[in-house]
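Notes to accompany the following structure.
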Amino acid sequence: MTIEDVEVGSQEVLLHLGDAPVQLPEPVAALARTVAANRKGHATIGALAPSPWLFPGGQPGRPISTTQLTQRLNQLGIRPNQARSTALFQLATEIPAAILARTLGIHTDVAVAWQRLSAGDWANYAAEISQRATRSHQQGKDVRDLG
């Protein structure tokens, strides 16, 4: 993300990740304001211009690496991998695989695998509902045969 992806206004902070900006809620907005105002990379000595990156890395003109950012967040008690996995599995239980894949830009097979792992398999759900209807119909027939 670059500094241009964060729009800091007097009342709100907008994060531009796609076509429509996302308004950040407090306290995340306050954190974004602080990061945008105080961003420093390791390669600031001799740099002719400030880095365009929101999280500048150790090499001039390059963002921080995923590994380094994860380590810094872990030091603050933030576990991004756990949070990401939790969010993805929650989504997998709530929406069909095709929509999940299209929304996140992942392959449909991956979305289906997430749904199965999160017990949100829509095909199993439909099959279970179908079997319930058949069982209740058969049970009703069995009761009538006893009479």
Side-chain angles (χ1 to χ4, degrees), residues 1-140:
M1 280 191 291
T2 66
I3 191 67
E4 292 179 6
D5 294 325
V6 179
E7 184 181 334
V8 178
S10 60
Q11 299 295 321
E12 62 185 12
V13 176
L14 300 175
L15 184 61
H16 296 269
L17 298 174
D19 294 335
V22 176
Q23 183 177 350
L24 298 178
E26 293 296 342
V28 178
L31 290 171
R33 282 186 195 95
T34 302
V35 169
N38 300 311
R39 64 194 191 351
K40 292 180 185 171
H42 296 286
T44 56
I45 299 175
L48 299 175
S51 175
W53 299 104
L54 187 60
F55 301 101
Q59 298 175 353
R62 306 233 11 188
I64 192 171
S65 70
T66 304
T67 304
Q68 186 63 34
L69 182 59
T70 300
Q71 287 176 356
R72 288 185 187 181
L73 290 172
N74 284 337
Q75 289 171 352
L76 296 171
I78 300 169
R79 307 285 181 252
N81 291 339
Q82 280 180 320
R84 178 182 181 272
S85 295
T86 301
L88 290 174
F89 282 117
Q90 182 64 37
L91 277 174
T93 63
E94 295 177 359
I95 60 176
I99 295 172
L100 182 66
R102 193 174 331 126
T103 302
L104 299 179
I106 60 174
H107 196 276
T108 307
D109 292 345
V110 174
V112 168
W114 283 348
Q115 283 190 330
R116 287 190 179 130
L117 287 171
S118 65
D121 189 346
W122 289 69
N124 286 343
Y125 174 79
E128 174 63 27
I129 295 300
S130 173
Q131 289 174 355
R132 285 183 200 165
T134 304
R135 280 189 296 236
S136 69
H137 177 71
Q138 287 175 344
Q139 287 173 349

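Fair warning: this is a prediction, and the values are worked out from it, not measured in the lab.
- Applying the salt bridge (charged side-chain N to carboxylate O under 4.0 Å, His left out) definition to pairs two or more places apart or across chains, none involves residues 96-107.
- Under the side chain to side chain contact (heavy atoms under 4.5 Å, CB included) criterion, T108 pairs with A101, V112, not counting sequence neighbours.
- Between Q23 and V13, the closest side-chain pair of non-hydrogen atoms is not below 4.5 Å.
- In this structure, the side chain to side chain contact (heavy atoms under 4.5 Å, CB included) partners of S65, at least two apart in sequence or on a different chain, are T67, Q68.
- Separating the CD atom in Q115 from the OG1 atom in T93 is a distance of 8.5 Å, to the nearest 0.5 Å.
- Between L91 atom CG and T103 atom OG1 the span is 8.0 Å, to the nearest 0.5 Å.
- Partners of I3 according to the side chain to side chain contact (heavy atoms under 4.5 Å, CB included) rule, which considers only residues two or more places apart in sequence or in another chain, are A36, R39, L54.
- The closest side-chain heavy-atom distance from M1 to L17 is below 4.5 Å.
- Rounded to the nearest 0.5 angstrom, L15 CG and E7 CD are separated by 10.5 Å.
- Among residues two or more places apart in sequence or in another chain, the side-chain hydrogen bond (donor to acceptor under 3.5 Å, both in side chains) test is passed with Q90 by E94.
- A search for side-chain hydrogen bond (donor to acceptor under 3.5 Å, both in side chains) contacts involving H107 returns nothing, not counting sequence neighbours.
- Judged as a side chain to side chain contact (heavy atoms under 4.5 Å, CB included), and not counting sequence neighbours, the contacts of L88 are R84, L104, W114.
- Identified under the side chain to side chain donor-acceptor pair (under 3.5 Å) test for residues 24-36, with sequence neighbours left out: E26-R33.
- Contact of the I78 side chain with the R72 side chain is not registered, since no non-hydrogen atoms from C-beta on lie closer than 4.5 Å.
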